[in-house]
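Just so it is clear: chains get the letters A, B, ... in the order the sequence lines come, proteins before strands, and each one is counted from 1.
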2 protein chains.
Amino acid sequence: MPKEVLFDEETVLKKATALFLNKGYNGTSMDDLTKATGLSRSSLYNSFGDKHSLFMRCLTYYQAGEHGALSDAVSNIASPVKRIKAAFRYLVDVILKSGTGNGCLIVNTTAELATVDKEVCEFVFRNTDIIEHLFTQWVKEAQQQGEISKTFTPTAIARHLFNTYVGLRISEQSNPDKKFLDDIVKVALSVLV
Amino acid sequence: MPKEVLFDEETVLKKATALFLNKGYNGTSMDDLTKATGLSRSSLYNSFGDKHSLFMRCLTYYQAGEHGALSDAVSNIASPVKRIKAAFRYLVDVILKSGTGNGCLIVNTTAELATVDKEVCEFVFRNTDIIEHLFTQWVKEAQQQGEISKTFTPTAIARHLFNTYVGLRISEQSNPDKKFLDDIVKVALSVLV
DNA sequence: CTATATTTGGAACGATTATTCCAAACAATA
DNA sequence: TATTGTTTGGAATAATCGTTCCAAATATAG
């Protein structure tokens, strides 16, 4: 039987993801990745394929992590409007507590690669769809329970919420200030009436 | 007297900017730039310094161009609320007409370099401030003329508008669809009452 | 026409890029 | 313990990176 793998795959993904998040895809070299993960070149290639494959793994790993964290933060909130507000308060909280101002890997990747990398393009499109549907569900709930008016369609409001999210992920990098982000959330969520 | 420069500096900047907008800073090589501009390496270095200097020139060139285009599009609109709405309609129009889905150079650069490049960081911070102040002026006007309520401060609304703008510049890359962008604008600007 | 000053093209540079390769290390089975 | 199959580290690769350098080209001034 083969020698077993000595490293924890998730630990490696976590460190690689942090690196990509900080320096971007093109700004991160395989040398950086070996140093950050502690793995040698061959181990990295053997376990994750080439740089692009590793990056795609990081993207899905990051996506799952973010989605899980958000679920944990708001899943027990019954009121859909309160759930939406809590989600954005949670987001601002995470941004300020991380302190790095690195933004979101998926948003950053959209800006860096969406127009030149087909695989990335498909990923970010799917991701957009997933978030839009999640928000749409929440808004639909809110309208059915009479928490907010039916002036706009659930989809339209969901898209606005998505846009507010990605905006915040850029804004945190150009002006990582609590008042700035709070102002954005306060006004953006005032449409939920 | 010296031999005069044979190329038009603005034409070169325009082509270099288009390249950076499409492929990002790290994704664009000096070789790409020589091919796109038609200039040789030495001419490029001689006239614009190194890659980073050329990039900063492109950033300010792009900034001036965008600001000028926006001014031209809305400066003759007396009503501040109509002006804001026209600005975002103009933006969606530009996005759809360009068809490239490349987003905004400054937003993309924020995502790619803001946390690792001090000079870029200062630039995007200044840019954020400029746009915030412009929007703040418009909102202040609107409130003074009674076009919208004073529920929120002009700054808070301006920050929401800024956030909506950068969001749109990402969203256009993840889902370049007219209905999608129109929904965002429609809901986001519904706070102007 | 000559001299001058600057640009220009292209070769050349060392550093870094992503990737491959191979022998040595090693854990699990037989 | 011997064998097997895989991982591992590090050297090696070819390509590309940003940058420099220099001789040739060229427009102006004298």
Side-chain angles (χ1 to χ4, degrees), chain A residues 1-59 105 108-109 112-113 116-120, chain B residues 1-59 61 105 108-109 112-113 116-120 123:
Chain A
M1 266 297 180
K3 173 183 177 184
E4 67 184 7
V5 183
L6 296 178
F7 56 85
D8 178 31
E9 203 170 64
E10 186 173 335
T11 308
V12 173
L13 279 181
K14 200 173 290 186
K15 292 186 175 176
T17 300
L19 208 55
F20 281 130
L21 179 55
N22 182 242
K23 316 206 332 175
Y25 177 75
N26 286 316
T28 304
S29 69
M30 289 302 288
D31 212 46
D32 293 335
L33 289 164
T34 60
K35 282 169 189 161
T37 60
L39 295 195
S40 70
R41 283 175 150 66
S42 15
S43 301
L44 228 41
Y45 275 90
N46 201 5
S47 305
F48 300 96
D50 62 10
K51 184 188 177 186
H52 194 267
S53 301
L54 171 58
F55 181 69
M56 296 306 297
R57 290 275 314 260
C58 289
L59 268 184
L105 180 63
N108 290 356
T109 301
E112 188 184 2
L113 300 175
V116 293
D117 188 318
K118 195 178 174 185
E119 223 171 318
V120 164
Chain B
M1 266 296 186
K3 175 184 175 184
E4 67 184 8
V5 184
L6 296 178
F7 55 86
D8 178 32
E9 203 169 66
E10 186 174 334
T11 308
V12 174
L13 279 180
K14 200 174 290 185
K15 291 186 174 176
T17 300
L19 208 55
F20 281 130
L21 178 56
N22 182 240
K23 316 204 335 172
Y25 178 73
N26 286 317
T28 304
S29 69
M30 290 302 287
D31 213 47
D32 293 334
L33 289 164
T34 60
K35 281 169 188 160
T37 61
L39 295 195
S40 70
R41 283 176 148 66
S42 16
S43 299
L44 227 41
Y45 275 88
N46 201 2
S47 304
F48 300 97
D50 62 10
K51 184 187 177 187
H52 195 268
S53 301
L54 171 58
F55 182 69
M56 296 307 296
R57 290 277 312 263
C58 287
L59 268 184
Y61 173 75
L105 180 63
N108 290 355
T109 300
E112 187 184 3
L113 300 175
V116 293
D117 188 318
K118 195 178 175 186
E119 222 171 319
V120 164
F123 180 93

Starting from [atom2] on [N], measure out to [atom1] on [X] and report it in whole angstrom.
X        : N       : atom1 : atom2 : value
Asn46(A) : dA23(C) : CG    : C1'   : 15 Å
Asp8(B)  : dT7(C)  : CG    : P     : 16 Å
Asp50(B) : dC17(D) : CG    : C1'   : 14 Å

Backbone N or O of Asn26(A) within a donor-acceptor pair of the Glu112(A) side chain at under 3.5 Å? yes
Relative to the ring of Phe20(B), is the ring of Tyr25(B) parallel (under 30°), tilted (30 to 60°) or perpendicular (over 60°)? parallel
Crowding at NZ, Lys51(A) (>12 non-hydrogen neighbours, <6.0 Å): yes
Side chain to side chain donor-acceptor pair (under 3.5 Å) partner of Lys35(A), chosen from Thr37(A), Asp32(A), Asp31(A): Asp31(A)
Without hydrogens or angle criteria, can the side chains of Asn46(B) and Ser43(B) be said to hold a donor-acceptor pair below 3.5 Å? no
Mind running a 4.0 Å heavy-atom check of residues 24-45 of chain A against DNA chain D and sending the residues that fall below it, in number order? Ser40(A), Arg41(A), Ser42(A), Ser43(A)
